[in-house]
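See below for the structure under consideration.
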Amino acid sequence: MKNIDIERIKNKTNNKIGYYNFQEENLQKRRIQQSFLTTLCIVLILTIGTFTVNAATNNGIVKLVNKIIKVNNQETTADIYEVPSQKIYSKCEGKYVTTEKEKCVKYLPTKDYDGNESTICYPIDTEFEDIEIFYDENNHFAGFHITGVTNGKHFDDYLKDSN
């Protein structure tokens, strides 16, 4: 039994365990780096794709997603949507009329005191710059101030409700 060198066996075993742990650690680091790089590539591709599509649509994505309006001097997000041409009943004309395709802004409260939808519509090629909606102390619609470009011309619409 005197021929067995316990210290040498311990050292070799410790060296093998240490080397195995070193290999596992390196493998784990590589996996983490690969995961990070894969995630970074996906994020970059999505970001670049969004910018490319946004540029191709003349900033259409940013304008529709992030259109901020002011309601009684407080910022809120506008609901801007397109309305296809349709037949509606016109109270003014007393008959059904066909409307053109329009771009509309829906704002809060969504109904006015007469129960009508709170929307303002413009021609389909309109690009809004500023939209301000005003309400009185009873939360009744009191007017709006809208600026933008339509048919290649700048417009500045202002309405003060007399009700």
- Message: To the closest 0.5 Å, what do you measure between CZ (F128) and CG (D130)?
- Response: 11.5 Å

- Residue pairs meeting salt bridge (charged side-chain N to carboxylate O under 4.0 Å, His left out), one or both in residues 15-34, sequence neighbours left out, come to none

- To the nearest 0.5 Å, how far apart are CG in N26 and CG in N21? 11.0 Å

- Item | Remaining members of the apolar cluster that contains I17, side-chain heavy atoms under 4.5 Å | none

- Item | T13 side, atom OG1; I6 side, atom CD1 - distance, nearest 0.5 Å | 10.5 Å

- Message: In this structure, would F155 and F144 fall into the same cluster of hydrophobic residues linked by side-chain contacts under 4.5 Å?
- Response: yes

- Message: To the closest 0.5 Å, what do you measure between CG (D5) and NZ (K10)?
- Response: 10.5 Å

- Item | For the student: nearest non-hydrogen atoms of P123 and K103, plus distance | O-CB, 4.0 Å

- Item | Interatomic distance, L44 atom CG to L37 atom CG [nearest 0.5 angstrom] | 10.5 Å

- Task: Quick one: list whatever passes side chain to side chain donor-acceptor pair (under 3.5 Å) with E7, sequence neighbours left out.
- Result: none

- Task: With sequence neighbours excluded, tell me which residues meet ring-ring contact (aromatic ring centres under 6.0 Å, His included) with Y20.
- Result: none

- Query: Going from SG on C41 to CD1 on I48, what distance comes out if it is rounded to the nearest 0.5 angstrom?
  - Reply: 9.5 Å

- Task: Please list, chain by chain and in numerical order, all residues satisfying side chain to side chain contact (heavy atoms under 4.5 Å, CB included) with T47, sequence neighbours excluded.
- Result: V43, F51

- Message: Considering only residues two or more places apart or on different chains, which pairs with a residue in residues 143-157 satisfy side-chain hydrogen bond (donor to acceptor under 3.5 Å, both in side chains)?
- Response: Y122-D157, D125-T150, T126-T150, E129-H154, H145-D156

